[in-house]
Amino acid sequence: MNKTKSRKILLLPGDGIGPEVVREVKKIIEWFNKNKSLDFSFEEELIGGASIDANKIPITDEVFYKSLESDAVILGACGGPKWDNLEFSKRPERALLKLRKELKLFANLRPAICFKQLVDSSSLKPEIVSGLDIMIVRELTGGIYFGEPRGIEPIENNERRGINTHSYTTGEIQRIARVAFDLAKKRKNKVTSCEKSNVMEAGVLWREEVQALKDKEYKKVELNHMLADNCAMQLLRNPKQFDIILADNLFGDMLSDEAAMLTGSLGLLPSASLGLRDKKGKIRSLYEPVHGSAPDIAGKNVANPIATILSLSMALRYSLDLPKEADLLDASVQTVLDDGLRTKDIMSVGKKEVTTTDMGDAIISKLK
Ligand code: IPM
Ligand code: MG
């Protein structure tokens, strides 16, 4: 039986710890192919600094078109000190931003779940984080990341000015708010929308449009508005008050790093970036861990592969229509944590410290 009709997964390991964590994902895909009669075809390509070194640009057209044609793209990480001095438009991160923008992946889902086995790894008290289950819905193709005008320009007195533009349209706000409201219905039915409407016009518009959409189409969903700085504070004070946090590109970036640490480690958080469903029902998507390339620990086989493995699980769920396989993978991660295996970032007294490779192998052994 060929359940997957040879669906295409593109692996983009990238830089730093990217190749190490994506290697574990590759092993899992191979395992599914062999043992679950699945038939994923997968290819691996360069992105970010690795692509700059080989091709002088952060992503080639060939890789870009492969991403367009894939059923799911799984990315490790882009960037590192080696490329920090490059001109902005040539930096490794541009590859990631290009993929997000041109694949129109406007909805970034970042679940922050505190696993019961890891409550002690969080810097917050166990009673504050145990049972935590938040979904951050971050707008990903608009706002200050992409707004024009942008740049650095010379001004009088030998000074320079750096410019970025933050703007959102009604349509951009509505489509991301819709994602948050639809997801809320499958969760605790509660959305907290964040902006800075006390200082920014774009924040005022954000608040008004989100409220208007709720009043019109999502009457039964509970909606609260919160200033983004207050949300940052509330995440530390009482994170369990949140179900879904809806935020723009920049606030969503910051709040998701913060939420990640509540769960114990940035090494645990997966993410899915999704576009609209096309006429054939296909949804463009990119899956990546929330963490970056972590150059300080790259090449040492100590990185935590769980965020990337859980990103594969999100791909199985959202793009490949294999929820049972996603459940199986999630459960295997849980069992390995139950067994006390820990990578360095989540290590605690009495547990067994393992390498990246060991963690991947252990998760695979539980799939059986
Ligand atoms: C993230 C990262 C990226 C971002 C960087 C690497 C461009 O921090 O995915 O959260 O700012 O979006
Ligand atoms: Mg970030």
Side-chain angles (χ1 to χ4, degrees), residues 12-19 21-22 46-52 57-59 67 73-112 134-147 150 162 164-166 168 172 176 194 228 231-232 235 245-263 265-275 285-296 298 303-304 307-308 310-311 314-315 345:
L12 300 174
D15 307 322
I17 58 171
V21 293
V22 170
L46 299 176
I47 194 164
S51 172
I52 295 175
I57 44 174
I59 181 168
S67 312
V73 181
I74 297 179
L75 185 142
C78 284
K82 184 174 175 194
W83 307 281
D84 272 353
N85 295 325
L86 288 177
E87 182 195 312
F88 207 66
S89 63
K90 299 189 176 130
R91 290 172 59 112
E93 292 85 352
R94 296 316 298 175
L96 182 56
L97 297 175
K98 176 175 167 152
L99 279 179
R100 289 175 180 173
K101 186 72 175 176
E102 295 191 20
L103 267 52
K104 301 192 174 68
L105 307 174
F106 66 91
N108 184 216
L109 312 185
R110 300 191 156 184
I134 299 176
M135 177 70 89
I136 297 190
V137 176
R138 170 189 176 193
E139 201 290 326
L140 204 59
T141 52
I144 201 151
Y145 272 57
F146 296 99
R150 64 185 299 156
N164 289 93
T165 304
H166 176 76
Y168 272 106
E172 286 174 313
I176 190 68
C194 296
C231 181
L235 268 174
I245 294 177
L246 166 64
D248 73 20
N249 207 342
L250 182 62
F251 294 140
D253 180 45
M254 311 214 325
L255 294 172
S256 57
D257 263 32
E258 189 187 353
M261 275 321 286
L262 301 175
T263 70
S265 167
L266 206 48
L268 296 167
L269 251 76
S271 86
S273 305
L274 308 172
S285 55
L286 172 74
Y287 297 86
E288 49 174 325
V290 170
H291 64 70
S293 59
D296 52 324
N304 188 344
T308 317
L310 293 176
S311 299
M314 290 186 92
D345 56 315

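Just so we're clear, the structure is a prediction, and the values are computed from it rather than from any experiment. Each ligand, and each atom within it, is numbered from 1 in the order the structure gives.
Side-chain N or O atoms of Arg150 include none that pairs as donor or acceptor with a backbone N or O of Thr165 at under 3.5 Å.
From Glu258, atom CD reaches atom CZ of Phe251 across 13.0 Å, with rounding to the nearest 0.5 Å. Interatomic distance, CD1 of Ile59 versus CG of Leu97, reported as 11.0 Å (0.5 Å rounding). Here the CG atom belonging to Leu255 is positioned 9.0 Å from the CG atom belonging to Asp248, to the nearest 0.5 angstrom.
Atom 1 (C) of ligand 1 has as its closest protein heavy atom Arg110 NH2, 3.3 Å. At the top of the distance list for atom 10 (O) of ligand 1, counting protein heavy atoms only, stands Asp253 OD1, 2.8 Å. When hydrogens are left out, the protein atom nearest atom 11 (O) of ligand 1 is Tyr145 OH, 2.5 Å; that is the closest non-hydrogen contact.
For Asp296, the CG atom sits in a packed shell: over 12 heavy atoms of surrounding residues, nucleotides or ligands are nearer than 6.0 Å.
With 2.8 Å as the limit, Asp253 counts as an N, O or S neighbour of the Mg ion (ligand 2).
The nearest non-hydrogen atom to atom 12 (O) of ligand 1, considering only Arg91, Arg100, Glu93, comes from Arg100.
For ligand 1, one of its N or O atoms has an N or O atom of Arg138 under 3.5 Å away.
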